[in-house]
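The shown structure was predicted, so the numbers you read here are calculated from the model rather than taken from an experiment.
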Amino acid sequence: MSTETTTRADRAAHEALAAGLFSEVLVVEQLARAMLGDVLPGGMQISHFSVLNLLAHLNEERSPAQLAEAFHLTRGAMSNTLARLEWAGYIHVRPDWDDARRKFVSITPAGRAARDAALASIMPAMSEIVRDIGPARIRAALPVLRALRERLEQRD
């Protein structure tokens, strides 16, 4: 076999591997969103839970722009999510006292309770999946998934 044939075959195998990886990741993302959407309480959307979860984890204020960047969203999309969360009483939006053009977002006690309830509602389904696949296989997959996420974040 010539080097050119080997290179062509290697390239085809590499491309098939890449296509398979991204196909699986995209389907997993769709199925995970559907599962979470089914079990989140009280009409909560995944975007709402994600923002509340981040704010609860950080336990400090963030600007809407910082939140949009964290979720790789436009500021308009984040503003819509924040407006719904504020209307529900889950977040507090305050002006930046040093720069009136900016705002800061924090989670309220009601938001923390909603996040905790959402987490309690999704944890059984997530735990069942880990149990069915096996903790060792999940632990083995996590470094690869983190590396994939980190590599994709470099595009920003």
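- Atoms NE2 and CG, on His92 and Leu55 in that order, are 12.5 Å from each other to the nearest 0.5 Å.
- Closest approach of Val39 and Ser121 over heavy atoms only: O-OG, 3.0 Å.
- Side chain to side chain, Arg112 and Asn59 meet the donor-acceptor criterion of an N or O pair below 3.5 Å.
- Of all the heavy atoms in Ala70 and Leu54, the pair that sits closest is CB-CD2, 4.1 Å.
- Phe49 has its side chain within reach of Ile122: a pair of non-hydrogen atoms, C-beta onward, lies under 4.5 Å apart.
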Verdict with reasoning, Phe104 to Val93, per side-chain contact (heavy atoms from CB on, under 4.5 Å): CA-CA 6 Å; Phe104 284 106; Val93 180; over 6 Å; no
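- Closest approach of Ile91 and Leu82 over heavy atoms only: CD1-O, 3.3 Å.
- When all heavy atoms of Met35 and Ala125 are compared, the pair lying nearest together is SD-CB, 3.7 Å.
- Considering only heavy atoms from C-beta on, Arg139 comes within 4.5 Å of Pro135 through its side chain.
- No donor-acceptor pair under 3.5 Å is formed between the side chain of Arg149 and the backbone N or O of Leu145.
- Linking ILVMFWY residues whenever their side-chain heavy atoms come closer than 4.5 Å, directly or via other members, places Met126 and Ile133 in the same cluster.
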Candidate pair Arg33 and Glu29, rule salt bridge (charged side-chain N to carboxylate O under 4.0 Å, His left out), full reasoning: CA-CA 6 Å; Arg33 284 184 169 280; Glu29 190 262 347; 2.4 Å; yes
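- Of the inter-residue distances, the one linking Ser79 atom OG with Glu86 atom CD reads 10.5 Å to the nearest 0.5 angstrom.
- To the nearest 0.5 Å, the span separating CD on Glu60 from CZ on Arg62 amounts to 4.5 Å.
- Cluster membership check: Leu40 does not share its hydrophobic cluster with Val28, using side-chain heavy-atom separations under 4.5 Å among Ile, Leu, Val, Met, Phe, Trp and Tyr.
- The CD atom of Glu69 lies 13.0 Å from the OG1 atom of Thr74; values are rounded to the nearest 0.5 Å.
- Here the CZ atom belonging to Arg115 is positioned 4.5 Å from the CG atom belonging to Asn53, to the nearest 0.5 angstrom.
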Chi angles and distances behind the side-chain contact (heavy atoms from CB on, under 4.5 Å) call for His48, Thr81: CA-CA 6 Å; His48 303 161; Thr81 298; 3.8 Å; yes
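- Residues Glu153 and Arg155 are not paired through a salt bridge, judged by the lack of any N-O separation under 4.0 Å between the basic side chain and the carboxylate.
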side-chain contact (heavy atoms from CB on, under 4.5 Å) assessment of Val51 paired with Tyr90: CA-CA 10 Å; Val51 170; Tyr90 294 160; over 6 Å; no
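- Atom CG of Leu52 sits about 11.0 Å away from atom CG of Leu119, to the nearest 0.5 Å.
- Of all the heavy atoms in Pro41 and Ala118, the pair that sits closest is CD-CA, 3.6 Å.
- Between Gln66 and Phe71, every side-chain heavy-atom pair lies at or beyond the 4.5 Å cut-off.
- Within 6.0 Å of CZ on Arg151 lie no more than 12 heavy atoms contributed by other residues, nucleotides or ligands.
- When all heavy atoms of Ser63 and Arg102 are compared, the closest pair comes out as CB-NH2, 4.1 Å.
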side-chain contact (heavy atoms from CB on, under 4.5 Å) assessment of Phe22 paired with Leu17: CA-CA 9 Å; Phe22 279 89; Leu17 182 62; over 6 Å; no
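- Linking ILVMFWY side-chain heavy atoms closer than 4.5 Å, directly or via other members, places Val130 and Leu142 in a single hydrophobic cluster.
- Both Met78 and Leu58 belong to a common hydrophobic cluster when Ile, Leu, Val, Met, Phe, Trp and Tyr are linked at side-chain heavy-atom distances under 4.5 angstrom.
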